[in-house]
Amino acid sequence: MLKSAGWLLNGHDAAHTPDAMCHVEQRSEQGETIAGWHVETCEPGHGTPMGRRIWHAWFDGRTPSHLVTAFVTALADTAPLQRGMYDRTAHHSVVQKPSPLAPEQIVEAHTTRLAGIRSQARAAHRQRRPNAAMPPPQAGPVRSPARR
């Protein structure tokens, strides 16, 4: 998924954006038996690979893979983020442009996006269940039919 979004892969356990501002790497911490994922975004370096850190995230080895995949998929999405004009929620280098969409179109696009995310989440949940066609077992003790 990262490769198709134009990210540069470094072996099978690391990738970074073409501008080298965002890095995703699978690594093991001391004492951990399962590797986790480290994600870091930095300002462009001045003659160095990375500048000052903007933010970072760590998913340990117990984090469900579908959550890591969802995070990385959203991170690699090239679609513009919808923000309120002049909101200070982004890095100073972010370019803000007025949306050409009418307010109704923005609401419709957001609703469509959320419906797609819900659909993906339900599909991922069904794939994790071993017998998706079978109903879940009923909770509580099993009782024999009453006798008269």
Side-chain angles (χ1 to χ4, degrees), residues 1-140:
M1 113 194 58
L2 291 176
K3 186 175 183 177
S4 64
W7 289 48
L8 306 171
L9 304 181
N10 179 8
H12 66 280
D13 58 354
H16 63 274
T17 55
D19 63 6
M21 288 183 66
C22 188
H23 304 266
V24 176
E25 179 182 14
Q26 188 175 29
R27 61 167 105 146
S28 295
E29 295 293 317
Q30 278 187 332
E32 292 287 327
T33 56
I34 303 172
W37 289 93
H38 182 249
V39 181
E40 184 171 38
T41 301
C42 298
E43 292 182 348
H46 301 284
T48 62
M50 296 190 317
R52 197 178 90 230
R53 178 188 287 170
I54 298 170
W55 63 265
H56 73 120
W58 172 256
F59 299 96
D60 71 15
R62 295 178 305 266
T63 305
S65 62
H66 71 279
L67 295 179
V68 177
T69 300
F71 178 84
V72 173
T73 300
L75 185 65
D77 189 350
T78 58
L81 293 175
Q82 186 67 42
R83 292 192 171 104
M85 195 62 170
Y86 307 113
D87 282 354
R88 302 195 71 191
T89 58
H91 189 260
H92 65 83
S93 67
V94 170
V95 176
Q96 292 189 350
K97 298 178 187 175
S99 175
L101 302 176
E104 297 82 17
Q105 292 172 307
I106 292 172
V107 169
E108 183 180 330
H110 186 65
T111 303
T112 301
R113 180 177 167 270
L114 289 176
I117 290 169
R118 281 189 200 104
S119 175
Q120 289 175 346
R122 283 191 297 270
H125 182 71
R126 282 191 300 271
Q127 287 177 352
R128 284 196 329 260
R129 289 178 55 196
N131 295 321
M134 296 184 62
Q138 294 196 7

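Note that the structure is predicted; figures quoted are calculated from it, not measured.
- Looking at heavy atoms from C-beta onward, V72 lies out of side-chain contact with F59 at the 4.5 angstrom threshold.
- For A5 against A76, the heavy-atom pair with the smallest separation is CB-O, 3.7 Å.
- Residues N10 and D13 come closest through the heavy atom pair O-OD1, 3.6 Å.
- Atom NE2 of H110 is separated from atom CD1 of I106 by 11.0 Å, given to the nearest 0.5 angstrom.
- To the nearest 0.5 Å, atoms CG (D60) and CD1 (I34) are separated by 8.5 Å.
- Between the CG atom of L2 and the CG atom of L8 there is a distance of 10.5 Å, given to the nearest 0.5 Å.
- Using a 4.5 Å heavy-atom cutoff, the side chains of L101 and E108 are not in contact.
- Without hydrogens or angle criteria, T41 side chain to I54 main chain gives no donor-acceptor distance under 3.5 Å.
- Only one option out of Q26, R27, E25 pairs with H38 in a side chain to side chain donor-acceptor pair (under 3.5 Å); it is R27.
- By the 4.5 Å heavy-atom criterion applied to side chains, F71 and V39 are counted as neighbours.
- Between W7 and C22, the shortest heavy-atom contact is CH2-SG, 3.6 Å.
- Here E43 contributes atom CD and D19 contributes atom CG; the two are 12.0 Å apart, rounded to the nearest 0.5 Å.
- Within 6.0 Å of CD in Q105 there are more than 12 heavy atoms belonging to other residues, nucleotides or ligands.
- The structure places CD1 of I117 at 10.5 Å from OG of S119, a figure rounded to the nearest 0.5 Å.
- Atom NE2 of H16 is separated from atom CG of L9 by 9.0 Å, given to the nearest 0.5 angstrom.
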